[in-house]
2 protein chains.
Amino acid sequence: MNIGEAAKKSGLTVKTVRYYDEINLIKPVKNKATNYRQYTDAELAKLQFIGKARRFNFSIKECKELLSLYENQNRSSKEVRNLTLTKISEIDVKLNELENLRTQLSHLVNCCKGNERPECPIIDELSNSDLN
Amino acid sequence: MNIGEAAKKSGLTVKTVRYYDEINLIKPVKNKATNYRQYTDAELAKLQFIGKARRFNFSIKECKELLSLYENQNRSSKEVRNLTLTKISEIDVKLNELENLRTQLSHLVNCCKGNERPECPIIDELSNSDLN
DNA sequence: ATAAACCTTCCAGTAAGGGTAAAGTAAAGG
DNA sequence: CCTTTACTTTACCCTTACTGGAAGGTTTAT
């Protein structure tokens, strides 16, 4: 199939699929006559696989790893599980950061009257020269 | 003061401070003889302000807005508060996404034995062609 | 005089594509 | 058969917010 169909069926954009070719993630054969990319069903499946992994917040680099595990019939499930566990703890770190940020910002908002007057505790806090 | 001192006192890197000059965020005067950037105390205060706002997850564009509010003695605290509230709801969206992701990933991890065998529900799920 | 510790500009790269242009190809309609 | 429309190609720049490095000028200390 051509790139448009592969894109549609994988839920990716044509641009993205072409990009995955460019970075050697999924390289289709080219039709010699037209120079069009030709995707097989197996390649479509990989595109779908990547798309899903990306939605699970795996980076392209991690997608490459997952893809090679996917293609390797002799992999152990432990390897996949470890990659996923690492990803989960990365998410935990990010969750913590964001929660802290949220707490601090809502504290600032609660201190600010939000009226037409110029006094603003948020600006005051941002102007406070001590870091943090 | 020279850029190194301004960077140190603001907790930013020299590279970053130079970048802020380049994008017209904080433009110091240049010493004609040496071509060195000269930062005043007021500019240092702005660098500190920006640094803090960035740590609060405000984008450079938002920092520009905050900075103009900071510099405007006639601003209303409402404007600053609204910008901050917007930022909080953006953080909420991100928190939600990450929590969903975490739930899904830990569900996958719980289904996976993580042993030496190749059967892996994580890979199976990623291979599942229906989106989500 | 020379070394180190500053500073300068310029160029390239990051992640993961998006936007647009110019041009080739294919399929459908008249 | 011709034209329009839809699809595809490559190539280039743009995004965010910097970071790294090279090659060179300046200042300070030894």
Side-chain angles (χ1 to χ4, degrees), chain A residues 1-40 43-44 46-67 87 90-91 94 97 101, chain B residues 1-40 43-44 46-67 87 90-91 94 97 101:
Chain A
M1 72 194 81
N2 287 346
I3 195 169
E5 192 181 344
K8 186 160 290 179
K9 288 185 174 165
S10 61
L12 303 171
T13 68
V14 168
K15 268 287 190 185
T16 297
V17 176
R18 217 173 265 135
Y19 174 67
Y20 289 168
D21 177 5
E22 187 188 329
I23 63 173
N24 302 315
L25 188 53
I26 295 180
K27 290 198 93 63
V29 161
K30 288 258 208 157
N31 177 324
K32 299 263 169 177
T34 63
N35 203 28
Y36 283 12
R37 291 171 179 82
Q38 298 301 317
Y39 288 87
T40 64
E43 282 157 348
L44 171 60
K46 289 188 212 170
L47 286 174
Q48 291 167 334
F49 180 92
I50 302 291
K52 198 153 210 171
R54 292 284 299 128
R55 283 191 292 285
F56 277 121
N57 233 26
F58 286 97
S59 68
I60 294 280
K61 195 176 167 197
E62 288 164 337
C63 285
K64 267 187 200 184
E65 291 176 56
L66 283 170
L67 198 55
K87 182 49 60 179
E90 284 170 27
I91 290 177
K94 205 144 228 175
E97 282 174 8
L101 225 50
Chain B
M1 72 194 80
N2 287 347
I3 196 168
E5 191 182 344
K8 185 159 292 178
K9 288 187 175 165
S10 61
L12 303 172
T13 69
V14 167
K15 274 284 191 188
T16 299
V17 176
R18 218 174 262 135
Y19 174 67
Y20 290 168
D21 176 5
E22 186 187 332
I23 64 173
N24 302 315
L25 189 54
I26 295 180
K27 289 198 93 64
V29 162
K30 288 258 210 156
N31 178 325
K32 299 265 171 176
T34 63
N35 203 28
Y36 283 13
R37 291 172 180 81
Q38 296 303 315
Y39 289 87
T40 63
E43 282 158 349
L44 170 60
K46 288 188 212 172
L47 286 173
Q48 291 166 333
F49 180 91
I50 303 291
K52 199 153 209 172
R54 293 284 302 128
R55 283 191 291 284
F56 276 119
N57 234 26
F58 287 96
S59 69
I60 292 283
K61 195 177 168 197
E62 289 164 334
C63 285
K64 268 187 200 186
E65 289 176 56
L66 284 171
L67 198 55
K87 182 52 56 182
E90 284 169 27
I91 290 177
K94 204 142 230 175
E97 283 174 7
L101 225 52

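Letters go in sequence order (proteins before strands), and every chain restarts at 1.
For D:dT16, the OP1/OP2 oxygens have no side-chain nitrogen or oxygen of B:Ser59 closer than 4.0 Å. Distances shorter than 4.0 Å separate none of the side-chain N or O atoms of B:Tyr36 from OP1 or OP2 on D:dG25. Between A:Thr13 and C:dG18 there is a side-chain N or O to OP1 or OP2 distance below 4.0 Å. The side chain of B:Arg37 places no N or O atom within less than 4.0 Å of a non-bridging phosphate oxygen (OP1 or OP2) of C:dC7.
Here the side chains of A:Arg18 and A:Arg37 are in contact, with some heavy-atom distance below 4.5 Å. Between B:Tyr39 and B:Ile26 there is a side-chain heavy-atom pair separated by less than 4.5 Å. Between B:Ile60 and B:Tyr20 there is a side-chain heavy-atom pair separated by less than 4.5 Å. Counting heavy atoms from C-beta outward, A:Phe49 and A:Leu66 have side chains that approach closer than 4.5 Å.
Map A:Ala33 and B:Arg18 each onto its nearest nucleotide of DNA chain C; the residue landing nearer the 5' end is B:Arg18. Nearer to the 5' terminus of DNA chain D, by closest-nucleotide assignment, is the contact made by B:Phe58 (compared with the other of B:Thr34 and B:Phe58). For the pair B:Ile60 and A:Asn35, nearest-nucleotide mapping onto DNA chain D gives the more 5' position to A:Asn35.
Side-chain proximity of B:Thr16 to the nucleotides C:dG17, D:dT19, C:dC7 is greatest for D:dT19.
A:Lys15 contributes a side-chain N or O that forms a donor-acceptor pair with the base of C:dT20 under 3.5 Å.
Atom P of nucleotide C:dT25 and atom CD1 of A:Ile3 are separated by 17 Å, given to the nearest angstrom. When the C1' atom of C:dT25 is taken as reference, atom CD of A:Glu5 falls 17 Å away, rounded to whole Å. Distance CG (A:Leu47) to P (C:dA16): 16 Å, rounded to an integer number of Å. One interatomic measurement links the two molecules: CG of B:Asn31 to P of C:dC6, which rounds to 18 Å at whole-angstrom precision. Remark: P of C:dG18 and OH of A:Tyr20 are 9 Å apart, rounded to the nearest angstrom. As rounded to whole Å, 9 Å separates atom C1' of D:dC18 from atom CZ of B:Arg54. In this structure, the OH atom of B:Tyr19 is 17 Å from the C1' atom of C:dT9, given to the nearest Å. Look at CG on B:Asn2: it is 19 Å from P on D:dG25, rounded to the nearest Å.
The environment of NZ in A:Lys94 is sparse: at most 12 heavy-atom neighbours from other residues, nucleotides or ligands sit within 6.0 Å. Within a 6.0 Å sphere centred on NZ of A:Lys30, other residues, nucleotides and ligands contribute more than 12 heavy atoms.
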Derivation and outcome, salt bridge (charged side-chain N to carboxylate O under 4.0 Å, His left out), residues A:Glu90 and A:Lys87: CA-CA 5 Å; A:Glu90 284 170 27; A:Lys87 182 49 60 179; 2.9 Å; yes

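Applying a 4.0 Å cut-off to non-hydrogen atoms, the residues of residues 21-30 of chain A that approach DNA chain D are A:Lys30, listed by residue number.
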